[in-house]
2 protein chains.
Amino acid sequence: MRAKNEFALRVIGYVRSEIRRREDSPRQGKEGAPDAWLELDDTYLPALDGIVAGDELILLTWFHLSDREVQQVHPRGDVNNPMMGVFGTRSPDRPNPIGLHPVRVLELSGNRMKVGPLEAVDGTPVVDIKPVI
Amino acid sequence: MRAKNEFALRVIGYVRSEIRRREDSPRQGKEGAPDAWLELDDTYLPALDGIVAGDELILLTWFHLSDREVQQVHPRGDVNNPMMGVFGTRSPDRPNPIGLHPVRVLELSGNRMKVGPLEAVDGTPVVDIKPVI
């Protein structure tokens with residue numbers, strides 16, 4: 001049974017990327033990440049209506065490889081940076097490992113959408129898509 | 001029992017705001033929203049370490065009053081705007097009603113943080129805090 005202070009986040013699709021391991025992933029999309037495909041569940045096709053190639057979106061993912069118990073890190077994984085709370089960093093290790101990725105839509109084909117640049121590893125769950133405002 | 005395609009999002013705190021009803025809430029913070037306090041669970045105090053007044057953050061909330069079955073809306077609730085998929089809009093009604101709020105930190109006191117502007121209603125769960133990059 002789900003605790004009262006939790007909500008169930010539904011997976012709406014998955015990232016299909018050439019990045020296979022977390023250690024091969026750049027820290028941010030703009031740091032050399034490749035383009036990737038999103039494969040969305042057919043259930044959510046109506047929610048994609050109106051999105052076209054060229055749109056700037058914020059993709060929300062769930063960093064499924066993360067450690068949710070980590071509360072402090074060396075920013076950018078550099079031990080020369082003093083430890084700080086994860087809420088002041090973009091560490092994927094955090095209580096709710098939600099990733100925010102600004103991407104551009106490159107191609108759309110049914111329930112598949114090519115976007116880039118995207119630093120998420122292959123198999124990362126997608127949980128929301130929003131326009132940049 | 002949780003389905004395999006779901007993840008448990010933990011509530012890390014709550015918004016305390018003068019906005020009491022969804023219909024009294026501006027659509028975006030910059031459209032006249034007030035400042036608000038975040039009351040965070042003491043468990044997560046270490047994760048706040050290093051955040052100071054003046055910081056620009058992205059607050060992630062869970063729009064608990066939303067309808068998760070809605071897939072298409074009239075953008076900005078205006079029936080003159082043609083219906084479109086929620087992933088192309090910032091509608092709070094969406095499969096995973098995560099809110100993204102750019103805010104500035106105004107004051108910090110233990111597990112309480114004053115931020116603004118914030119359009120979320122009183123009692124909205126907070127699920128993550130990230131720096132603007």
Side-chain angles (χ1 to χ4, degrees), chain A residues 1-12 14 27-28 30 40-41 43-52 55 57-60 62 64 68 70-73 75 82-91 94-100 102 105 113 125-133, chain B residues 1-12 14 27-28 30 40-41 43-52 55 57-60 62 64 68 70-73 75 82-91 94-100 102 105 113 125-133:
Chain A
M1 212 163 88
R2 193 171 307 129
K4 200 182 168 183
N5 59 346
E6 290 185 359
F7 294 101
L9 200 59
R10 300 174 188 160
V11 175
I12 65 167
Y14 292 92
R27 287 182 176 270
Q28 300 297 333
K30 288 180 178 170
L40 300 169
D41 190 304
T43 311
Y44 300 110
L45 271 173
L48 287 176
D49 192 52
I51 293 176
V52 295
D55 282 357
L57 301 176
I58 299 175
L59 178 68
L60 282 77
W62 184 261
H64 60 304
R68 303 183 66 176
V70 169
Q71 292 211 41
Q72 299 204 337
V73 294
M83 290 284 273
M84 75 176 287
V86 291
F87 294 152
T89 80
R90 287 293 188 109
S91 167
R94 54 202 309 118
N96 289 307
I98 297 170
L100 294 187
V105 179
M113 177 157 62
V126 177
V127 296
D128 198 8
I129 298 169
K130 298 182 190 293
V132 172
I133 49 170
Chain B
M1 213 164 82
R2 193 171 308 131
K4 201 182 168 185
N5 59 346
E6 290 185 0
F7 294 100
L9 201 59
R10 300 173 188 161
V11 175
I12 63 167
Y14 292 92
R27 288 183 176 268
Q28 300 297 332
K30 287 181 179 172
L40 300 169
D41 190 304
T43 312
Y44 300 109
L45 271 173
L48 287 176
D49 191 52
I51 294 177
V52 295
D55 282 357
L57 301 176
I58 299 175
L59 178 68
L60 282 77
W62 184 261
H64 61 304
R68 303 183 66 175
V70 169
Q71 293 212 39
Q72 299 204 338
V73 293
M83 289 284 272
M84 75 176 286
V86 290
F87 293 152
T89 81
R90 287 293 188 111
S91 167
R94 55 201 309 119
N96 289 308
I98 298 171
L100 294 187
V105 179
M113 177 157 61
V126 177
V127 296
D128 199 8
I129 298 169
K130 297 181 192 293
V132 171
I133 50 169

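On a predicted model such as this, the values are computed, not experimentally measured, just so you know. Per chain, numbering begins at 1; letters A, B, ... match sequence-line order.
- For the set B:Gly50, B:Pro102, B:Pro82, B:Gly88, the count of heavy-atom pairs under 4.5 angstrom toward chain A peaks at B:Gly88.
- Remark: B:Pro125 engages A:Phe7, B:Val11, B:Tyr14, B:Trp62, B:His64 in a side chain to side chain contact (heavy atoms under 4.5 Å, CB included) (not counting sequence neighbours).
- In terms of non-hydrogen atom pairs under 4.5 Å with chain B, the most contact-rich of A:Leu100, A:Leu60, A:Leu57 is A:Leu100.
- Here A:Ile51 is the residue among A:Ile51, A:Val52, A:Asp41 with the most heavy-atom pairs under 4.5 Å with chain B.
- Nearest heavy atom pair, residue B:Ile129 against residue A:Arg94, reads O-NH2, 2.6 Å.
- Taking chain A as the reference chain and counting heavy-atom pairs below 4.5 Å, the highest number among B:Gln28, B:Arg68, B:Arg10 is found for B:Arg10.
- Atom CD1 of A:Ile98 and atom NZ of B:Lys130 lie 6.5 Å apart (nearest 0.5 Å).
- For chain B, the nearby parts of A:Leu48 are the backbone and the side chain; heavy atoms of each come within less than 4.5 Å.
- To the nearest 0.5 Å, atom CD1 of residue B:Ile12 and atom CG of residue A:Asn5 are 12.0 Å apart.
- In this structure, A:Leu40 CG and B:Phe87 CZ are separated by 7.0 Å, a value rounded to the nearest 0.5 Å.
- Considering only residues two or more places apart in sequence or on other chains, A:Arg90 meets the salt bridge (charged side-chain N to carboxylate O under 4.0 Å, His left out) condition with none of them.
- Expressed to the nearest 0.5 Å, how far CZ of A:Arg27 lies from CD1 of B:Ile133 amounts to 11.5 Å.
- Looking only at distances, a side-chain donor or acceptor of B:Gln71 sits under 3.5 Å from a matching main-chain atom of A:Thr43.
- Between A:Asn96 atom CG and B:Leu9 atom CG the span is 4.5 Å, to the nearest 0.5 Å.
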